[in-house]
Q: 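Can you keep this structure in mind? I'll have questions shortly.
In this text the structure is predicted, and so the values were computed from the model without any measurement. First listed ligand is number 1; within each ligand, the first listed atom is number 1.
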Amino acid sequence: MFIIGERINGMFKDVAGAIKKKDRSVIQGLAKKQIACGASALDVNVGPASDNPKETMEWLVKAIAEVTDATLAIDTTKKDVMEAGLAACKSKAIINSVNANQDKMDALFGLAKKYNASVIGLTMDKAGIPKDAEGRLELAMRIVAACMEHGIDMSDLYIDAVILPVNVAQVHAREVLKTIRDTKMLADPAPKTILGLSNVSQGAPSDSKALINRTFLAMAVASGLDAAIMDANDKDLVDAAITAELLMEKQLYCDSYIDAYRKK
Ligand code: THG
């Protein structure tokens with residue numbers, strides 16, 4: 001599982017506070033902790049309240065790059081903020097994200113080429129997120145086609161079937177799982193699949209969130225999920241990801257498989 005830590009996001013109070021005070025140590029602490037817990041990459045999102053998102057994104061990326069050379073997923077819907085983040089990255093970055101609208105794809109696949117970045121493509125467009133897998137797959141196919149037109153390798157594309165909170169959109173979860181399975185048939189080699197996992201438990205009672213995330217992650221791995229933006233600091237969640245991959249024969253079994261995986 002390619003784990004992208006979700007914590008450097010201005011939607012969290014500690015991150016919003018650190019941005020306001022320009023306190024790099026809070027951000028750097030979160031970066032180091034997530035990597036130590038098993039994240040291979042870090043999501044970077046300035047959050048909804050930022051008055052100067054371009055400058056904030058650049059500041060976050062530079063602060064993180066001082067303590068790790070991990071891949072960063074630049075998480076913004078704004079093209080100028082995306083470019084500010086990509087330009088500040090020292091290692092290969094991930095564009096998080098592009099939707100299936102042609103104008104967005106042309107703009108952001110252009111940036112992907114310019115900065116040699118990977119891309120997360122969301123199965124949504126101007127009309128929103130389709131309710132069923134068929135609608136999501138049609139948008140995924142549009143993203144795959146645009147990627148090919150722009151000369152981007154399938155190995156650099158992650159399709160995100162967009163999971164919604166189960167408390168308000170219960171019918172979506174199984175459609176997301178079907179989308180993950182069928183995305184593998186859209187191209188050869190196939191694009192990768194990814195989810196913003198914690199969306200699924202947003203709004204659920206806090207004592208059930210971790211269980212909902214962990215259960216859905218195991219189900220998604222069984223459906224072929226390759227990567228997740230998730231709470232890497234949740235040890236049980238990371239252990240569940242490793243174990244689900246073991247049971248899918250993506251890791252070799254040994255009695256100490258968790259330790260063996262974490263030492264890799
Ligand atoms: N796909 C892609 N990128 C994404 C998402 C996605 N980026 C943002 C988001 N979704 C993934 N990141 C989070 C981070 C936190 C939470 C959900 C998704 C979250 N937070 C808790 C809550 O809202 O209940 C706690 C917040 C708090 O403590 O303040 O659930 O889908 N490509």
Q: So which protein heavy atom does atom 2 (C) of ligand 1 come closest to, and at what separation?
A: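 Looking only at protein heavy atoms, the one closest to atom 2 (C) of ligand 1 is Asp160 OD2, 3.2 Å.
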Q: Can you sort out which atoms of ligand 1 are near Ile120, meaning under 4.0 Å from one of its heavy atoms?
A: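 Checking each atom against Ile120, I get 32 (N).
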Q: Does atom CZ of Arg174 have more than 12 heavy-atom neighbours from other groups under 6.0 Å away?
A: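 Counting other residues, nucleotides and ligands, CZ of Arg174 stays at 12 neighbours or fewer.
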Q: When you compare the side chains of Asp259 and Tyr257, does any donor N or O come within less than 3.5 Å of an acceptor on the partner?
A: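 Not at all, the side chains of Asp259 and Tyr257 share no donor-acceptor pair under 3.5 Å.
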Q: Can you tell me which residue and heavy atom of the protein come closest to atom 3 (N) of ligand 1, and the distance to 0.1 Å?
A: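 Here the closest protein heavy atom is Asn96 ND2, 3.1 Å.
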Q: Which ligand 1 atoms are under 4.0 Å away from a heavy-atom of Ile229?
A: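 With Ile229 as reference, the close atoms of ligand 1 come out as 2 (C), 3 (N), 32 (N).
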Q: Looking at ligand 1, does Lys209 have a heavy atom less than 4.0 Å from it?
A: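 It does; at least one heavy atom falls under 4.0 Å.
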Q: Non-hydrogen atoms of Val162 versus ligand 1: any pair closer than 4.0 Å?
A: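 No.
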Q: For Met154 and Pro189, which heavy atoms make the closest approach, and how far apart are they?
A: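 Heavy-atom minimum between the residues: CG-O, 3.3 Å.
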Q: Determine, using heavy atoms of Leu122 and all atoms of ligand 1, whether some pair is separated by less than 4.0 Å.
A: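 Per 4.0 Å heavy-atom rule, Leu122 contacts ligand 1.
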Q: At their closest point, which heavy atom of Ala31 faces which heavy atom of Ile64, and how far apart are they?
A: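 Shortest heavy-atom contact: CB-CG2, 4.0 Å.
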Q: Of all the heavy atoms in Lys13, does at least one lie under 4.0 Å from an atom in ligand 1?
A: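 Not so, Lys13 does not reach ligand 1.
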Q: Which residue and atom name correspond to the protein heavy atom nearest atom 8 (C) of ligand 1, and how close is it?
A: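 Protein heavy atom with the smallest distance to atom 8 (C) of ligand 1: Asp75 OD2, 3.4 Å.
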Q: A quick test of your reading: do over 12 heavy atoms of other residues, nucleotides or ligands sit less than 6.0 Å from CD of Glu134?
A: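 Correct, the count exceeds 12.
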Q: Out of Ile27, Asn9, Val26, which one pairs with Val15 under the side chain to side chain contact (heavy atoms under 4.5 Å, CB included) rule?
A: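 Checked Ile27, Asn9, Val26 against Val15; only one passes side chain to side chain contact (heavy atoms under 4.5 Å, CB included): Ile27.
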Q: Among all protein heavy atoms, pick the one closest to atom 13 (C) of ligand 1 and tell me residue, atom and distance.
A: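 Here the closest protein heavy atom is Glu6 OE1, 3.6 Å.
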Q: Suppose we measure from atom 6 (C) of ligand 1 to each protein heavy atom; which comes out shortest, and what is that distance?
A: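 For atom 6 (C) of ligand 1, the nearest protein heavy atom is Gly196 CA, 3.6 Å.
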Q: Who's the nearest protein heavy-atom neighbour of atom 26 (C) of ligand 1, and how far?
A: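 Minimum-distance protein heavy atom for atom 26 (C) of ligand 1 reads Phe12 CE2, 3.7 Å.
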Q: Atom 10 (N) of ligand 1: which protein heavy atom is closest, and how many Å away?
A: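 The answer is Asn199 OD1, 3.0 Å.
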Q: Flag yes if more than 12 heavy atoms outside Lys184 fall under 6.0 Å of its NZ atom; otherwise flag no.
A: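 Enclosed: over 12 neighbouring heavy atoms sit under 6.0 Å from NZ of Lys184.
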Q: How long is the span from the CG atom in Leu246 to the CE atom in Met248, to the nearest 0.5 Å?
A: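 So the gap between those two atoms works out to 11.5 Å.
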Q: Report, in ascending order of atom number, the atoms of ligand 1 lying under 4.0 Å from any heavy atom of Ser198.
A: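 The list of qualifying atoms is 16 (C), 17 (C), 18 (C), 30 (O).
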Q: Of the protein's non-hydrogen atoms, which lies at the shortest distance from atom 29 (O) of ligand 1, and what is that distance?
A: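 Here the nearest protein heavy atom works out to Met11 O, 3.7 Å.
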Q: State whether a side-chain donor-acceptor pair under 3.5 Å links Tyr115 with Glu83.
A: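 Yes.
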Q: Has Lys22 got more than 12 heavy atoms of other residues, nucleotides or ligands less than 6.0 Å from its NZ?
A: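 Counting other residues, nucleotides and ligands, NZ of Lys22 exceeds 12 neighbours.
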